[in-house]
Chemist: 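Supplied in structure tokens, the structure appears directly below.
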Amino acid sequence: MVGAGEMGHGIAEVLALAGLRVSLVDVKQEILDRAMARIADSLRRLASRGRIGPEQVDQILSRISTHTSIAEGARGADLAIEAVPERLDVKSQVLRELEAALPPEAIIGTNTSGILISELAQFLSRRDRFLGTHFFNPPAVMKLVEVVVGPETSEAAVNSVMEFLRAAGKVPVRVKDSVGFVVNRIEGPELLYFCLLADRGVAAPQEVDAFFRSQGLPMGPYELMDYVGLDVVHDILQYFASRLSRDYGKCRTIGELVSRGQLGMKSGRGFYEWSGGKAKIDLSRQTDKVSLMDVMLLEVNEAVKLLEEGVASPDDIETAVKLGLNRPFGPISVAKSVTSSEARERLEALAREFDCSVFAPARSIVEGRLRDAVEGRLAPSPAQRAPAPAQAQAPPAQSSGPSPYGEYKYLRVSRAGDRVLRIALNRPKLNLINPELLDELGSVLDRVRDDPEVFVVLITGEGGVLSAGADLSTFVADPVQFSEFSRKGERVFRKIVELPKVTVAEIKGYALGGGLELALACDIRLSTPDAVLGFPEVTLGILPGWGGTQRLPRLIGMSRAMEMILTGRRITGKEAHEIGLVASLLGGDPDGEAISYANSIATTSAPIAARFAKMLVNKASEVPEDVGLEMESAAFGILFSTQDMKEGVSALLSKRKPVFRGR
Ligand code: NAI
């Protein structure tokens, strides 16, 4: 253990308590003696509380030897950890000396809280055996250790250090080398938020602290900053300003306090007077200008950014925040109780209010994929490993979430975004539609009609095909069933037309007969260029019985509809696009692109406006023009009273993206 200061003496104690022999190294014997005295005090306290036997105090102390030379202390060690001051010149010198003195197979850990492992690794030649072992203060009490994996660290080194830490009674979490690792990074935005609150005088620090104490926190945020040291907080913010976002450098108050020597508890004064050893807070005077949820959302947002960057798994982020910040729950469990749109709306409001991009929602939240993110369904691409631009609008193209409506025999129903429901036909033999599938589809449509969480419904098929049509084998034997089957299809497809949501059909493989009629009932059709579309019914002695004869001519005109229906001619997706039957063509990842398309509607269109517009467009071919125009004016008037309209207009005027709530 190199460095016997605040952290080093504590880590040495932890390791000796776990039964290991420890060489503790520092520059002067007095420092080492002071460290040993602190360890002895701590062990005696443990003995007085019965955590160790009294006879163990001396045994444990005897396992620690002290040295003023790295060459001597490192001899024969399996693992070395450095906890020397957070300065590159000091750390580089210590790392070089350590590598020269240690056996070649030894592992080196650094307790750095801010410097990247990749930056420190350049001072070493055996970089595969170098990683971060970030203990929390005080090491004897705090269970968390962030094990920071550098770009060249070997799996073998990571695994043996994780195992070693577990054996020493710690809870290691695996973290990818990145600015602030997990815990400091999650705390960053809220530190900035409280600093900006203080700058703007939104509420007095005492009143904010009184509020947070009333919410059950052991310390308010300003009290905590004073306790940690305002110089430390200032350093973190400056470091983040240089590495993550210049907005971290925006706050004035902390810098002013630090330059006046008001460093918090250690200097006797910071936000508070600490002469009595305690901050005096009048708990009866609480502000109502801040909300606990805002702070939680800032943590959730930063956690999502870490997930997008592939820094740690959801479980590890949750564990790190709980143990590193002494919380009963972490941002991942909080995220499960909010929707993407709620988080997005509030974070955008905070970003606007404080003119601060750090608070802007992470990409996955904007795309409606908060749930996917916190349930570990983001696959970080190399591009995503760089910090995500907060306002990026790239749509998602990933797999969809679990079924919100339970399981079906012939359908796969899943969430494919915050307000998108994906319904995929799932039958053998090209998704042929049988009566049971229609029943299932009808029941999903009945449920989705009243589901306020869903705004766009995407209808598609599994197995690279939408559907090759009705399953004729189910009804050819019985004329009564035949007619009932036709009615059932019409009824179910009518539900799609009348659904107060935007419906999108993804055509791929085949959309023949009933499969094409299913697509025709949707508001928007997307298709792969090589998909095959057609109505083969007349060539089988029947006719399109689920609305095809009525809906196709309205979409492409009588002439072309007649040709398709009377000859059974099949067309490709590309031709269908040229004649306006298909709105957009899909590329190499049709499922992903269709999901992205649906999500882009869900995040940009106002739900009530879209719902009225859909109804009016559908009525256009059914009612005389003057009646249609009258209905249009009436709908226009109704929209005037919606919150969405106010939001849309005010966003336009202030040149920002609107956030629609469907109200
Ligand atoms: P500290 O200043 O209390 O201790 C550093 C020790 O290193 C001193 O005793 C110093 O004499 C010794 N040292 C300096 N040069 C040396 C050399 N060439 N060879 C051997 N020993 C040398 O610092 P602290 O707070 O223990 O921090 C150490 C590291 O741990 C830093 O990287 C810091 O960022 C990190 N850390 C600190 C935390 C804290 O709360 N203090 C929490 C987590 C990480």
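Note that this is a predicted model, so its numbers are computed, not measured. Start at 1 and go down the list; that is how both ligands and their atoms are numbered.
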Chemist: Using the rule given for salt bridge (Lys or Arg N to Asp or Glu O under 4.0 Å), can you reason through Glu309 versus Arg185, listing the C-alpha separation, both sets of side-chain angles and the distance that settles it, and then say yes or no?
Modeler: CA-CA 12 Å; Glu309 292 164 33; Arg185 177 82 183 271; 3.0 Å; yes

Chemist: Among Asn184, Val27, Thr110, whose heavy atom sits nearest atom 16 (C) of ligand 1?
Modeler: Val27

Chemist: Please say whether more than 12 non-hydrogen atoms of neighbouring residues, nucleotides or ligands are located less than 6.0 Å from CG in Asn137.
Modeler: yes

Chemist: Hey, is ligand 1 close enough to Asn111 that some N/O pair sits below 3.5 Å?
Modeler: yes

Chemist: What protein heavy atom lies closest to atom 3 (O) of ligand 1? Include the residue and the distance to one decimal.
Modeler: Glu6 N, 2.9 Å

Chemist: Taking atom OH of Tyr227 as the centre, report whether more than 12 heavy atoms of other residues, nucleotides or ligands fall under 6.0 Å from it.
Modeler: no

Chemist: Among all the protein's non-hydrogen atoms, which is closest to atom 14 (C) of ligand 1, and how far away is it?
Modeler: Pro85 CD, 3.4 Å

Chemist: Which is it for His134 and ligand 1 at heavy atoms under 4.0 Å: side chain, backbone, both or neither?
Modeler: side chain

Chemist: Counting only heavy atoms, which portion of Phe136 has something under 4.0 Å from ligand 1: side chain, backbone, both, or neither?
Modeler: neither

Chemist: Hey, is CZ on Arg269 packed in by over 12 heavy atoms from elsewhere, all under 6.0 Å?
Modeler: no

Chemist: In this structure, are over 12 heavy atoms from other groups packed under 6.0 Å from Lys278 atom NZ?
Modeler: no

Chemist: Of all the non-hydrogen atoms in the protein, which one sits nearest to atom 28 (C) of ligand 1, and at what distance?
Modeler: Ala83 O, 3.3 Å

Chemist: Go through ligand 1 atom by atom and flag the ones less than 4.0 Å from a non-hydrogen atom of Lys91.
Modeler: 31 (C), 32 (O)

Chemist: Applying the side chain to side chain contact (heavy atoms under 4.5 Å, CB included) test to Val147, which of Arg174, Met162, His134 qualifies?
Modeler: Met162

Chemist: Tell me, please, which residues at least two apart from Asp294 pass salt bridge (charged side-chain N to carboxylate O under 4.0 Å, His left out).
Modeler: Arg346

Chemist: Can Glu82 be said to touch ligand 1, with heavy atoms closer than 4.0 Å?
Modeler: no

Chemist: Counting heavy atoms only, which of Leu24, Thr68, Val84 comes nearest to atom 29 (C) of ligand 1?
Modeler: Val84

Chemist: How about Arg260: does its CZ atom have over 12 heavy atoms from other parts shown lying under 6.0 Å from it?
Modeler: yes

Chemist: Starting from atom 15 (N) of ligand 1, find the nearest protein heavy-atom neighbour and note its residue, name and distance.
Modeler: Val90 CG1, 3.6 Å

Chemist: Please state which protein non-hydrogen atom is closest to atom 43 (C) of ligand 1 and give its distance, to 0.1 Å?
Modeler: Phe135 O, 3.4 Å

Chemist: Check the angle between the aromatic planes of Tyr272 and Trp274 and answer parallel, tilted or perpendicular using the 30° and 60° thresholds.
Modeler: perpendicular

Chemist: Tell me: protein heavy atom nearest atom 40 (O) of ligand 1, and distance?
Modeler: Asn137 ND2, 3.1 Å

Chemist: Show which atoms of ligand 1 fall inside a sub-4.0 Å distance from at least one heavy-atom site of Ile31.
Modeler: 9 (O), 11 (O)

Chemist: Tell me every residue that passes ring pair (Phe, Tyr, Trp, His ring centres under 6.0 Å) with Phe240, counting only those two or more places apart in sequence or in another chain.
Modeler: Tyr248

Chemist: Aromatic ring centroids of Tyr193 and Phe354 under 6.0 Å?
Modeler: yes

Chemist: Exactly one of Thr112, Ile108, Val94 should register a side chain to side chain contact (heavy atoms under 4.5 Å, CB included) with Leu120. Which one does?
Modeler: Thr112

Chemist: Just which atoms of ligand 1 are under 4.0 Å from any heavy atom in Ser113?
Modeler: 33 (C), 34 (O), 35 (C), 36 (N), 44 (C)

Chemist: What part of Asp26 sits under 4.0 Å from ligand 1 if we count only heavy atoms: the side chain, the backbone, both or neither?
Modeler: both

Chemist: Need the ligand 1 atom indices (1-based, order shown) with element for anything under 4.0 Å from a heavy-atom of Thr112.
Modeler: 32 (O)

Chemist: Quick one: nearest non-hydrogen protein atom to atom 20 (C) of ligand 1, plus distance?
Modeler: Val2 CG1, 3.6 Å

Chemist: To which of Gln93, Glu86, Glu146 does the heavy atom nearest atom 32 (O) of ligand 1 belong?
Modeler: Glu86

Chemist: Hey, would you say the Phe194 and Phe212 ring centroids sit under 6.0 Å apart?
Modeler: yes

Chemist: Identify, for atom 18 (N) of ligand 1, the protein heavy atom at the shortest distance, and state residue, atom and that distance.
Modeler: Val94 CG2, 3.4 Å

Chemist: Output yes when the distance from some N or O of ligand 1 to some N or O of Met7 is under 3.5 Å, and no in every other case.
Modeler: yes

